[in-house]
Amino acid sequence: MLCATPSYHYYHVPPMSSVFAHRHLLDIERLSKADIEAILDLAARYAAQNRSANKTCDRLKGKAIINLFFEDSTRTRASFELAAKRLGADTVNIPVETSSIKKGETLLDTVLTLDAMQIDGIVMRHNEDGAPHFVAPHVKAHIINAGDGKNEHPTQALLDALTILRHKKKIDGLTVAICGDVAHSRVARSNAVLLAKLGAKVRLVAPPVFALPNFGNLNVECSDDMQKGLAGADVVMALRIQRERIGASEQKIDTDDYARAYRLDHTRIGAAKPDAIVMHPGPANRGVEITDELADDPERSVIREQVEMGVAVRMAVLDLLLSGQENGHGA
Ligand code: ASP
Ligand code: CP
């Protein structure tokens, strides 16, 4: 079993201190290509372990990890909790709705309060861009970003990369089309950064109303035309319209108009390569950004596999951050 081995050397993974010298996982932006590859390599091993009879081990025995989610989540929160438990850690979920945050406690006071309990990691989702970056310098615990506003969702991009690798065997040279509400999507941003670091060509396909303010500094192609945006793509990723992140002053889009022009279906996917895979980070709004038929097409859709890889990637991240003594430098 992977967890039971005393050293990474056995698996030909270089020692953690040289490959993953981060204290926190705040974003993809500050990870090197080698960091990303180290996470994906370990995650691939955990993915195999998760399909075996013995899924649990004591790699993080004695460690305590707190899930602090200020925004709704199904798969990220559940998979972080499962990942921690499979590594033998104790986990606590803070129900923000019934916590002292409702009595006016600040974000920083909340995090410092939890940190005072001698815990080891805080997995945090917040609606404000940069919230995990803000708290990280103040705590002893490792901070793991589970999605901050419109900024980043690093473990989503990592699990997406692992899923792509399982199907395409490489990322370098692939064309990945990310379609839909990219403007409000931290998934799109983390993926664009990660995929570019690993050598993929990224296309953002979105209606003009979802213009791309977050992507100004990234090397991506943009199109408002599904046919052109999907042409020859190896991977097509659909995104939900993230209405909860659309500001009051922003132009609204009619759901039916959007679906008519941008819903991913078997006809539109025909512009991509014949073996193109279809991805979605979830939750999907079926019938809006993707049809039932395509989302459930076992020949095309890898949506369930993305969820499965989420547990493995989060195990790898928690392992790399929390299991060693030497990864305490920088962010
Ligand atoms: N679940 C993803 C996120 O939290 C995508 C979405 O909500 O549409 O960013
Ligand atoms: N993909 C994703 O982050 O899903 P949840 O919002 O359900 O966690």
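Just follow the structure's listing: the first ligand is 1, and inside any ligand the first atom is 1.
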Report summary line: Contacts of His138 meeting side-chain hydrogen bond (donor to acceptor under 3.5 Å, both in side chains) (sequence neighbours excluded), chain-then-number -> none

Query raised in the report: Rounded to the nearest 0.5 Å, how far apart are CZ of Arg203 and CG of Leu230?
Result: 8.0 Å

Could you tell me, for ligand 1, which of its N or O atoms are under 3.5 Å from any protein N or O, listing the pairs and their distances rounded to 0.1 Å?
from, atom 1, to, atom 2, distance (Å)
ligand 1, 1 (N), Gly282, O, 2.9
ligand 1, 4 (O), Arg125, NH1, 3.4
ligand 1, 4 (O), Arg125, NH2, 3.3
ligand 1, 4 (O), Arg186, NE, 3.4
ligand 1, 4 (O), Arg186, NH2, 2.7
ligand 1, 7 (O), Arg240, NH2, 2.8
ligand 1, 8 (O), Arg240, NE, 2.8
ligand 1, 8 (O), Arg240, NH2, 3.2
ligand 1, 9 (O), Arg186, NE, 2.8
ligand 1, 9 (O), Arg245, NH2, 3.4

Report summary line: Sorted by chain and number, sequence neighbours left out, side-chain contact (heavy atoms from CB on, under 4.5 Å) with Arg304 holds for Arg286

Query raised in the report: Looking only at side chains, do Tyr46 and Asp319 share a donor and an acceptor under 3.5 Å apart?
Result: yes

Requested in this report: Only one of Leu26, Ile122, Leu318 passes side-chain contact (heavy atoms from CB on, under 4.5 Å) with Ile144; say which it is.
Outcome: Leu318

**Report entry** Quiz item: cation-pi between Arg125 and Phe69, 6.0 Å / 45°
**Finding:** no

**Report entry** pair Val317-Leu42: side-chain heavy atoms closer than 4.5 Å
**Finding:** no

Query raised in the report: CG/Asn285 to CZ/Arg263 distance, rounded to the nearest 0.5 angstrom?
Result: 12.0 Å

I'd like a table of the close N/O pairs between ligand 2 and the protein (anything under 3.5 Å), one pair per line with both atom names and the distance.
from, atom 1, to, atom 2, distance (Å)
ligand 2, 1 (N), Gln156, OE1, 2.9
ligand 2, 1 (N), Pro281, O, 2.8
ligand 2, 1 (N), Gly282, O, 3.1
ligand 2, 3 (O), Thr76, OG1, 2.8
ligand 2, 3 (O), Arg125, NH2, 3.0
ligand 2, 3 (O), His153, NE2, 2.8
ligand 2, 4 (O), Arg75, NE, 2.9
ligand 2, 6 (O), Arg125, NH1, 2.9
ligand 2, 7 (O), Thr74, N, 2.8
ligand 2, 7 (O), Arg75, N, 3.1
ligand 2, 7 (O), Arg75, NE, 2.9
ligand 2, 7 (O), Arg75, NH2, 3.4
ligand 2, 8 (O), Ser73, OG, 2.6
ligand 2, 8 (O), Thr76, N, 2.9
ligand 2, 8 (O), Thr76, OG1, 2.6
ligand 2, 8 (O), Arg125, NH2, 3.4

Report task. Decide, yes or no, whether a salt bridge links Lys85 with Glu81 under the criterion of side-chain N to carboxylate O below 4.0 Å. Result -> yes

